[in-house]
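Structure first, commentary second.
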2 protein chains.
Amino acid sequence: MDEITRTKRNRLPSMYDVARLAGVSQTTVSFVVNNVASAAISQETRDRVWAAVHALGWRPNAMARSLRTRHSQTLGLISDEVVTSPYAVRIILGAQEAAWVGQQMLLVVNTSGQCDIEQTALRFMLERRVEGLMYATMYHHEVVPPPELQSVPVILVNCFVADRSLPAIIPDEVQGGYTATEALIQRGHYRIAFINEVIPMPALFGRLEGYRQALANYGLPFDPTLVRSCHSNAHDAFAVAFALLEREDRPTAIFCFNDKMAMGVYDAIKRLGLRIPQDVAVIGFDNLELIAAQLYPPLTTIALPHYEMGRRAVELLQASPAGENVPPTQHYLPCPLVERASI
Amino acid sequence: MDEITRTKRNRLPSMYDVARLAGVSQTTVSFVVNNVASAAISQETRDRVWAAVHALGWRPNAMARSLRTRHSQTLGLISDEVVTSPYAVRIILGAQEAAWVGQQMLLVVNTSGQCDIEQTALRFMLERRVEGLMYATMYHHEVVPPPELQSVPVILVNCFVADRSLPAIIPDEVQGGYTATEALIQRGHYRIAFINEVIPMPALFGRLEGYRQALANYGLPFDPTLVRSCHSNAHDAFAVAFALLEREDRPTAIFCFNDKMAMGVYDAIKRLGLRIPQDVAVIGFDNLELIAAQLYPPLTTIALPHYEMGRRAVELLQASPAGENVPPTQHYLPCPLVERASI
DNA sequence: ATGAATTACTAATTCGATTTATCAACGAAG
DNA sequence: CTTCGTTGATAAATCGAATTAGTAATTCAT
């Protein structure tokens, strides 16, 4: 086995060490290990070089290489709380897997929303000469990123700047709301309640807009009394759903702003002795695996494309010609329907 | 504002550029920006250097520095599925925040359990000369990591090798099981059921052992009919709990192997018209914020110390003298009780 | 047989920093 | 008047690779 031999003052072996052992020049070693097409090296010499490489357990030093080639082969991901959140974390997964196919690695920093950490993270990453930066947020909202961000190609993920001057990858909330509502309509429902979030955010407006568009498209009336809002947690949604379902003209389907709310809605429906989906259909949003799959019956919901956002972000960074900024397009990624058993 | 000026063939400015602008040598710039104590530089010159630095928007090139100093200031984290799982991801957060205070950055790769990815990730990281490696898993189990892992200080997180020859940071499952059971006993329960996982894993044995120790310690009999097992999901736990609660000598408290099970147990209790915690107390394990906080009543549970495991791992790597391996101690971190309202 | 082309390889420079050794100027001490 | 020490700065080597510009030795074409 290639034992890791330490040469010269306990250092890891360098190309020079390999060259000496193989009895060739360092240049030759470089040509051999990089398989340089323009270099003419005999098979015999190649074999000697590889033998020396394995004997010493040599590995290229990425720092030296990057210094010379001026390519760090790394991308940076700065996020507010993505790591903390159970689903937004898939942004990282998508980004990392895409970086992987481009032979790049990901530097990840979670700022926990602190500006000083953000500043320092940015500094560290720029010092490491990242070839692109992603600025990601846990939930879809407007941001004001630090200006130094733009000293390298950058792309916003799950967020955007007010003037849309930076490229962004964001979920298509309108389509998501539309898809959810449409799914209910197609199953014969025409009295569809919508329990929305109260804190103003793109998701709130977008999903409501999608809901209205779907109703309109299928010729159904928009009934304002069927649209309620509360904080997006199970407890508050329970109360709202309970009230909604006690009416004699109760809705036959409830579209919940998110899965946490759906959890409370389930409780309300069960408490009233109603069945899901026979008496009341429920659809959620976010596709929180943990909730949606564990609820009984499993919750049909709309997924946020976190993984895809991460992947697309990296792909766009990679596609943009060396050092060039990514064009400031706003990419809206679809939020697909995830069918389980609640509608 | 420090505009980023590009000098010489569109390159970022180097120390040499700063030196020329300030009318000093590159050495002097290095001494000034690094505040080298042994160097005698007049205040006037220092000011000129800093002025040039800001005028050019110069930033140190971490690759060049690392090459010279032989310190990469980075740590690697290789995980199977940590990024995918909503709670284990806190390992990353803990590691990153600890790395942060040591001025280090984290390279993260999620292998999705694929050996080839693991190999390549390891290679990439070693090429980047990471100063330490963490090998983390989504759930607590035995692993057989690739041997090359040990060419750099390494520590296992949430996993261990059979012969305990590598340092590991793992949750203290026995204490966790003990704490959960004790919490119930202290609230006056003496018929405590335990719904365990079926797939053999350290958590299964450890938590059961903790359960037995607590009963023994408080002089309570161990009743094997109160210990059931099923796959750890809400649906299967529902059935088990239902059966358990239909007995006339039904338990007054249920310790669930994890929070997903608790979700099903809640459903069973409610279906039987019983109240939580008045009629039946429930305690979970894992502290899945999403479930535990959203359930009604909020679930009291035992937390896995993911964040702390990540942090401790990095601290141990940092504490170990340059290049030395971390001593192969197995660090058991406590699983604390998180009190909500279900017991 | 001679110049051209090809083969097989190496010397030297470069990337952008850190660090050691050295140097000039100047005042103080002997 | 030399020597010494201090202050203020620099030249040069180094880290580990990639890369350009060669150079010998051999083969080929004419």
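Naming: A, B, ... by sequence-line order, numbering from 1 per chain. Keep in mind the model is a prediction, meaning the values are calculated, not measured.
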Sorted by chain and residue number, the salt bridge (charged side-chain N to carboxylate O under 4.0 Å, His left out) partners of Glu127(B) (sequence neighbours excluded) come out as Arg65(A), Arg123(B)
Any Trp58(B) side-chain nitrogen or oxygen under 4.0 Å from OP1 or OP2 of dG16(C): no
- [ ] Examine dC9(C): is either OP1 or OP2 under 4.0 Å from a nitrogen or oxygen in the side chain of Ser42(A)? Give yes or no.
- [x] yes
By side-chain hydrogen bond (donor to acceptor under 3.5 Å, both in side chains), Glu131(B) pairs with (sequence neighbours left out) His71(B), Gln104(B)
To the nearest angstrom, the CZ-P distance between Arg11(A) and dA17(D) comes to 10 Å
Whichever of Gly23(B) and Met63(A) has the more 5' nearest nucleotide on DNA chain D, that residue is Gly23(B)
Taken in chain and number order and not counting sequence neighbours, the residues that satisfy side-chain hydrogen bond (donor to acceptor under 3.5 Å, both in side chains) with Ser38(A) are none
Contacts of Ser30(B) meeting side chain to side chain contact (heavy atoms under 4.5 Å, CB included) (sequence neighbours excluded), chain-then-number -> Met15(B), Asn34(B)
inquiry  = Regarding Thr111(A) and Asp80(A), do their side chains bring together a donor and an acceptor under 3.5 Å, going by distance alone?
reply    = no
In whole angstroms, the gap separating C1' of dT7(C) from CD of Gln43(A) amounts to 15 Å
Testing dA17(D), dC9(C), dT19(C) for proximity to the side chain of Arg68(B), the answer is dT19(C)
On the nucleotide dG16(C), are OP1 or OP2 found under 4.0 Å from the side-chain N or O atoms that Arg70(A) carries? yes
Notebook entry, point to check: Do Ile92(B) and Val108(A) pass the side-chain contact (heavy atoms from CB on, under 4.5 Å) test, and can you show the C-alpha distance, the side-chain angles, and the key distance before you say yes or no?
Noted result: CA-CA 9 Å; Ile92(B) 301 187; Val108(A) 181; 5.5 Å; no
When rounded to whole Å, the CD to P distance for the pair Gln73(B) and dC15(D) reads 19 Å
Atom NE2 of His71(A) and atom C1' of dG16(C) are separated, to the nearest Å, by 16 Å
Taken to the nearest whole Å, CE/Met15(A) to C1'/dT14(D) is 18 Å
Taken to the nearest whole Å, CZ/Arg128(A) to C1'/dA17(C) is 14 Å
Rounded to whole Å, CG of Leu67(B) lies from P of dG16(D) at a distance of 7 Å
Within residues 24-41 of chain B, those residues having any heavy atom closer than 4.0 Å to DNA chain D are Val24(B), Ser25(B), Thr27(B), Thr28(B), Phe31(B), Ala40(B), Ile41(B)
The side chain to side chain contact (heavy atoms under 4.5 Å, CB included) partners of Tyr307(B) (sequence neighbours excluded) come to Arg90(B), Leu93(B), Glu97(B), Arg311(B)
Taken to the nearest whole Å, CD/Glu44(A) to P/dT7(C) is 17 Å
query = Do the side-chain N or O atoms of Ser66(A) get closer than 4.0 angstrom to the phosphate oxygens (OP1, OP2) of dC15(C)?
reply = no
Quick check on dG16(C): is either OP1 or OP2 less than 4.0 Å from any side-chain nitrogen or oxygen of Arg129(A)?
no
